[in-house]
Amino acid sequence: MTCVHPKGGLGMRITKLTAMALASTILTAPAWAEDDLTIVSDPLELTIHMHWPRSQGYQEDYPVELAAREMTGIHLKDATSGKNTKDNYEAMNLLLATGKLPDIVGGNRIQQPVNQYGPEGAFLALDDLIEEHAPNIKAFFDERPELRQAISAFDGKMYYIPYLPDGKFGRAWYIRQDWLDKLGLEQPDTVDELYTVLTAFRNDDPNGNGKKDEIPYFARDWEEVLRLLTLWDARSSGSDTYHDFYVKDGKVVHPYAQEAYRDGIANIAKWYAEGLIDPEVFTRGSSAREYLLSENLGGVTHDWFASTSGYNTALAEKIPGFDFAPFLPPKSAGGVRMEEHRRTPIKPDGWAISYSNEHPVETIKYFDFWFTETGRLLSNFGVEGETWNMIDGEPVFTDAVLNSDTPVNTQMYTVGAQIYRGYWMDYRYEWQWTAPAAREGIELYDANDLLVDQFLGVAFDKGEQAVFDKYWPSLLSYMLERQQAWILGSGDVKADWDDYMSTLDKMGLEKVLDAMNSAYARQYG
Amino acid sequence: MTHTPEIEGNRTEELVLQAREAQRNRAASRIQRVGDHLKREWQLYLLLLPTIIWLLVFLYKPMYGLQIAFKDYSIFRGIEGSPWVGLEHFQTLFGNDQFLRALKNTVIISAYGLLFGFPVPILLALMFNEVLNAWFKRVAQTIVYLPHFISSVIIAGIVITAFSPSAGIVNTILGWFGVDPIYFLTKAEWFRPIFIGTGVWQEAGFQSIVYLAAIAGVSPTLYESAVVDGASRWQMMWKITVPCILPTIIIMLIIRIGNILEVGFEMIILLYQPATYETADVVNTFIYRQGIQGGQYDLAGAAGLFNAVVAFVLVISANMISKRFSRTSLW
């Protein structure tokens, strides 16, 4: 694909007069639009707040920004608040509290504030603007109406353009294949087989040091212990956020108030008591995987494909024969094979147009630019010819990028690609630098029908929000408190269950679910 | 400054007349006196000014924002634009069992902290004072001050490791006596001792500085005459040092009582688990989960205001009690 630079070209002549005509032309002839991406002939400066985990601000000299400026005529000026904090909410609150918003407000986790303050007048509703001026964004959401519903505020309007991840799988089950081989065992295919394998890891000294120090199942995030619930046909969460609601028979319910959960927790407690689950799982923290694998102690975990596969190379020298292999989720007691975790198709990240923006039409066209083929490649891979080349119709990173000591994602952040604008990720970007071991795992998972539908969240109206805020934090605290007590064995879930359920009821679970369901019906009904 | 008129029989009448005259001139003369005073002492006031400004900007101006405790606060609409909701947030707080539990935990943790933590720096200071070897004294002081300068995150890491069932030093030592490993940080009954012990270890050394300063201010002549009288070191400590630093101790105690609801919650957040909420959850951590994480600043504001009011009442009462019984007081 070629791209015509607008400098002195077609763009100069037409756009000035034809803001409206252009839009209608694009609708009928999108192919033509790809060739001319100019939005304004006189350079237009727009200010932007972009607060994201890797960098608290938008650099005006990103190669990607320079290229986009060249193509569109729009020039983003950094006006990020809260550069002294890494907390995105704090930065956003600081920005909102000043009352002076830059033209574009973007970054990490903007959905909640944007959908709350948008209807109050802080941000523009984008629906009409998209309809009239953003054919590519419109096409994207017309194909995926459920995503449009999911990001809408309670008034049914869209207030931000999200970052849209591509690719399906996130976490997977991993096992020490070399331990299995040593003990003469097969990869566990059912929950009972998993129990046998974990018990063998515990008792039969697979690391061969003569000590009973193996940790059969471990996790970096203790919440991953709850994934075991799916082995007894319960759920731990409905989304990629822990402890989230899920949709059961068209109704929003909470996984921790289901009968299946009671039985699942009883089983987890039994495994914990038998030493099959890391006894220190609650305090070991984020270095658990690093420590337990490199000390040759950990047997099975549930973690991200890419980073977990990396240990095979990292530890090859230290532990001879080290083979940490992905395996399919074992079949549950009820015979279901389920991978509960998947990448969410929409993130709460992206960008929005603030009320004080005097150029909303140009801004939405600029947002739309990133959904054109050129814009999407630019936002994912960086500038063509610098970090990647088009080979046989595929964008391929240069060898310099792929073989660098710096991870590819970090390199992309440096040039201004893969940053938190509202853009559509292209999975080809990640696949190119995914280790072969992880690729095999992803293909294994992809060949089976494992994924369950995600609960994409609801947008509350004011009344629902008040109910949720009033009851939910305490309910969740109570649920987690009981959950941990049961797993640790300081309570018996079966004996406590009726009491637990009636306490949840007393604490307002019914009210929270009613609020959830009325919002859900409005949004997805 | 005023002084008590001496009463000398026939001069009384004259004095009364003078007093009446003075009263008439008081307004004018007071301004003049203040002016003279300022002219004389302006450097002192200049030194005081930055602190006053700091207080005004960071402690008085924010009081304006306290009203969000009574409003349905929206950041975007601002304090002015948010509607009043009366006592709704207070009703929400006091209708919540977890808040009441957190309140109870706060008071218990603070009371234990006061009971076990308050005397330690005083004892340390007295002990340092008795050390004769200057080199040893300096090294020992540095060692006990050091934890104060380490970030809470690192302290929490040290504590988690020390109490770990598999690798922790505590369980290793218990193991020598045949005790099975205990997963301390998930046991509600162990949380308070661990938390308070950590606090004492981290802060006692640094807090002892104020007492050392007070001890340094005790007049050496007292000790000299005690030596002449044949007092032992023990007697000097109890009969001279302790009574002389008592006012400092009482002032510190009053301040400490005022902070009774201000448990250092970053350490709690780092150390607690859902399994230990029962004893570990304090008002500030509750607010953190309920308010800040959920963006409910108005509710957090209500809880903060409640904290401040309780602290205010406590300080006033402690001060009054102290004034009555020991004649030492903050004001």
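To find a chain, count down the sequence lines: A is the first, B the second, and so on, and within it residues start at 1.
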Considering only distance and modelled atom types, tabulate donor-acceptor pairs under 3.5 Å from the side chains of residues 186-193 of chain B, sequence neighbours left out.
unit_1	atom_1	unit_2	atom_2	d
B:Thr186	OG1	B:Tyr183	O	3.0
B:Arg192	NE	B:Thr279	O	3.4
B:Arg192	NH2	B:Asn105	OD1	2.7

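- Using a 4.5 Å heavy-atom cut-off against chain B, the contacting residues of residues 274-284 of chain A are A:Pro279, A:Glu280, A:Val281, A:Phe282, A:Thr283.
- The structure places CZ of B:Arg77 at 4.0 Å from CD of A:Glu120, a figure rounded to the nearest 0.5 Å.
- Judged as a salt bridge (Lys or Arg N to Asp or Glu O under 4.0 Å), and not counting sequence neighbours, A:Asp492 has no contacts.
- Ranked by heavy-atom pairs under 4.5 Å with chain B, the list A:Ser474, A:Pro473, A:Gly121 is led by A:Ser474.
- Listed options A:Gly491, A:Ser490, A:Ser477 were ranked by heavy-atom pairs under 4.5 angstrom with chain B; first place goes to A:Ser477.
- Residue B:Asp281 does not touch chain A at all, counting heavy-atom pairs closer than 4.5 Å.
- Your options are B:Gly157, B:Gly78, B:Gly95, B:Ser166, and the one with the most heavy-atom pairs under 4.5 Å with chain A is B:Ser166.
- A tilted orientation is assigned to the rings of B:Phe76 and A:Tyr117, their planes being inclined by 30° to 60°.
- The distance from atom CD of A:Gln484 to atom OG1 of B:Thr276, rounded to the nearest 0.5 Å, is 7.5 Å.
- No side-chain heavy atom of B:Asp97 sits less than 4.5 Å from a side-chain heavy atom of A:Tyr478.
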Cut-off 3.5 Å, no hydrogens considered: what does the side-chain donor-acceptor table look like for residues 196-204 of chain B, sequence neighbours left out?
unit_1	atom_1	unit_2	atom_2	d
B:Thr198	OG1	B:Ile194	O	2.6
B:Glu203	OE1	B:His148	ND1	2.7
B:Glu203	OE2	B:His148	ND1	3.3

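- Scanning all heavy atoms of the two residues, the minimum distance from A:Leu488 to B:Ala275 falls at CD1-CB, 3.7 Å.
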